[in-house]
2 protein chains.
Amino acid sequence: MDVKTLCLGALKLGDATGYELKKQFEEGPFAHFHQAGYGSIYPALNALLAEGKVTCREEIQKGRPDKKVYSLSPVGEAGLQAALHQRPALDKVRSDVVFMLFFAEMLDEAHLRGVYDGYLSYFRHCLEHLQNLDDTDIPAGRRFVRGMGAAFYESMEAYLSENRQEFFATVDAQEKVAASFETKIKKTGTDQ
Amino acid sequence: MDVKTLCLGALKLGDATGYELKKQFEEGPFAHFHQAGYGSIYPALNALLAEGKVTCREEIQKGRPDKKVYSLSPVGEAGLQAALHQRPALDKVRSDVVFMLFFAEMLDEAHLRGVYDGYLSYFRHCLEHLQNLDDTDIPAGRRFVRGMGAAFYESMEAYLSENRQEFFATVDAQEKVAASFETKIKKTGTDQ
DNA sequence: ATAACCATGTAAATGGTTACATGATTAG
DNA sequence: CTAATCATGTAACCATTTACATGGTTAT
């Protein structure tokens, strides 16, 4: 799913400008599982316009660039449907935080705590945001995806909360063992 | 976290060839939260070698290219540690499947069921894989990350299992309503 | 026999991010 | 007065993916 398809999907939910699409990708219903910035959205919209998949009406404004409101065309709707019927690629996740936690023993305590607690509050924030949405009157697909997001954030929040104390305690203990071991081998010259 | 850092991390767990690293990224402990293919691994290893972050010993083989076994050097270990102390980027997820489920009403039933059940069995497979690993004697960080992975897969498996019936029923119902509505407006010519 | 596995790598193409460029308006 | 918001876009850069190139070995 490239940015062009994402834009078609977002426009299926209603007309929007490039600027508004960016916000939707950041905070809206796609935020959790896809992302895009201006540098990819604006070129995508121009390409879609050239392909006839969206139409554009310009609203003149004073003091800022004219607002370009894009709408999904029937061709674009067909294109979206075609993309939705492709075989889906496997999910791709990149998480620096998990990579760092994996190597917890190599981190200094302050950094580890910062990263951990930042992650936990991030999930709490996402969960709160999801729970503040109004669930009435949305189609089955969208409701289902919201529920899945909520299940995900809840499980991560729970795991991070429940294992916090023990995790830090264990990492600390192992770091102390490693440190004393290193001191020992430096003293006795057994290293290498 | 670029592929170079991933390689350093993987080599921290033990010496390996490019080929073995690829497998580790596919099936090993990083599989869930980072990915890389040959096209990025081999150039990364050569760059790391030039930077002195890894060393390489060649094992001559007959009938296939000589095996190049890479090891993390002290410089590389320091580099890994430095990377681990950067501020982590936000997690990035791209999920075609979730995007498709979001637009469930636009999919034909067979495709929707295929995608849904494929996703469910994917999570089951991952969970099974995780549960078959031996948890004794691994450091706190790695154990923690495994647990987090398990929590994630379990919650997804549970959500998809529990909501399956209702999801299809609701989508079907809404598609039928939409279809009859479209038939109606075509007959009466109210469209546009 | 056929497919999968072992084992390396390059080059082109794709796609996305970041930085740059501009600048008025509105809320704190 | 400062920061955030509104609003568009380009160009250079970066990273990754895909396709290509090679070819013996092992399991089904």
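Here the structure is a predicted model, which is why all the values come from computation and not from measurement. Letters A, B, ... are given to chains in the order of the sequence lines, protein chains preceding strands, and every chain is numbered from 1.
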Name the residue closer to the 5' end of DNA chain C, choosing between Pro43(B) and Arg94(B) according to the nucleotide with the nearest heavy atom.
Pro43(B)
Rounded distance (Å) that lies between atom P of dT10(C) and atom CD1 of Ile41(B)
14 Å
Taking only N and O in the side chain of Tyr19(B), is any of them less than 4.0 Å away from OP1 or OP2 of dC6(C)?
yes
Check step by step if side-chain hydrogen bond (donor to acceptor under 3.5 Å, both in side chains) holds for Ser161(A) and Arg124(A).
CA-CA 10 Å; Ser161(A) 299; Arg124(A) 283 186 178 146; 3.1 Å; yes
Tell me which residues in residues 2-9 of chain A lie within less than 4.0 Å of DNA chain C, going by non-hydrogen atoms.
Asp2(A), Val3(A)
Plane angle bin for Phe30(A) and Phe102(B) - parallel if under 30°, tilted between 30 and 60°, otherwise perpendicular:
tilted
Any chance the side chains of Ser73(B) and Glu77(B) put a donor and an acceptor closer than 3.5 Å?
no
For dC6(D), take OP1 and OP2 only and decide whether either is under 4.0 Å from a side-chain N or O of Thr17(A).
no
Do the ring planes of Phe167(B) and Tyr116(B) sit parallel (below 30°), tilted (30 to 60°) or perpendicular (above 60°)?
parallel
Mind checking whether Tyr159(A) and Phe123(A) have ring centres under 6.0 Å apart?
no
Counting only side-chain nitrogens and oxygens, does Lys68(B) get under 4.0 Å of the OP1 or OP2 atom of dG9(C)?
yes
Rounded to whole angstroms, how far apart are OH on Tyr42(B) and C1' on dA11(C)?
17 Å
Distance, nearest 0.5 Å, that separates CG of Leu160(A) from CG of Leu101(A):
8.0 Å
Could you tell me, to 10°, how much the axis swings from one end of the helix from dA1(C)-dT28(D) to dG28(C)-dC1(D) to the other, five pairs per end?
60°
Quick one: does Thr170(A)'s side chain have a donor or acceptor within less than 3.5 Å of a partner on Glu166(A)'s backbone?
yes
Have a look at Lys23(B) and say if it touches a base, only the backbone sugar-phosphate, or nothing, with a 4.0 Å heavy-atom cut-off.
sugar-phosphate
Asn46(B) side, atom CG; Lys68(B) side, atom NZ - distance, nearest 0.5 Å:
6.0 Å
Does the protein touch nucleotides 18-28 of chain C at the base, only the backbone, or not at all? Give it as B, S and - per nucleotide, heavy atoms under 4.0 Å.
B-----SS---
Leu49(B) atom CG is separated from dT8(C) atom P, nearest whole Å, by 13 Å
Can you tell me how the ring of Tyr42(B) sits relative to the ring of Tyr38(B), calling it parallel under 30°, perpendicular over 60° and tilted otherwise?
parallel
Rounded to whole Å, how long is the line connecting atom CZ of Phe25(A) with atom P of dG15(C)?
16 Å
What is the distance, to the nearest angstrom, from the CG atom on Asn46(A) to the P atom on dA7(D)?
17 Å
Whole-Å distance, Leu48(A) CG to dG15(C) P, equals 13 Å
Whole angstrom is fine here: how far is it from NZ in Lys22(A) over to P in dT8(D)?
12 Å
In whole Å, what is the span from the CE atom of Met1(A) to the P atom of dT14(C)?
19 Å
Could you walk me through whether Asp91(A) and Arg94(B) pass salt bridge (charged side-chain N to carboxylate O under 4.0 Å, His left out), step by step?
CA-CA 6 Å; Asp91(A) 286 6; Arg94(B) 342 205 79 201; over 6 Å; no
Does dC6(D) have OP1 or OP2 under 4.0 Å away from a side-chain N or O of Gln61(A)?
no
What is the ring orientation for Phe99(A) with Phe103(A), classed by angle as parallel under 30°, tilted 30 to 60°, or perpendicular over 60°?
perpendicular
Could you tell me the separation between the CE atom of Met100(B) and the CZ atom of Arg87(A), rounded to the nearest 0.5 Å?
10.0 Å
Of Tyr70(A) and Gln35(B), whose closest DNA chain D nucleotide lies nearer the 5' terminus?
Tyr70(A)
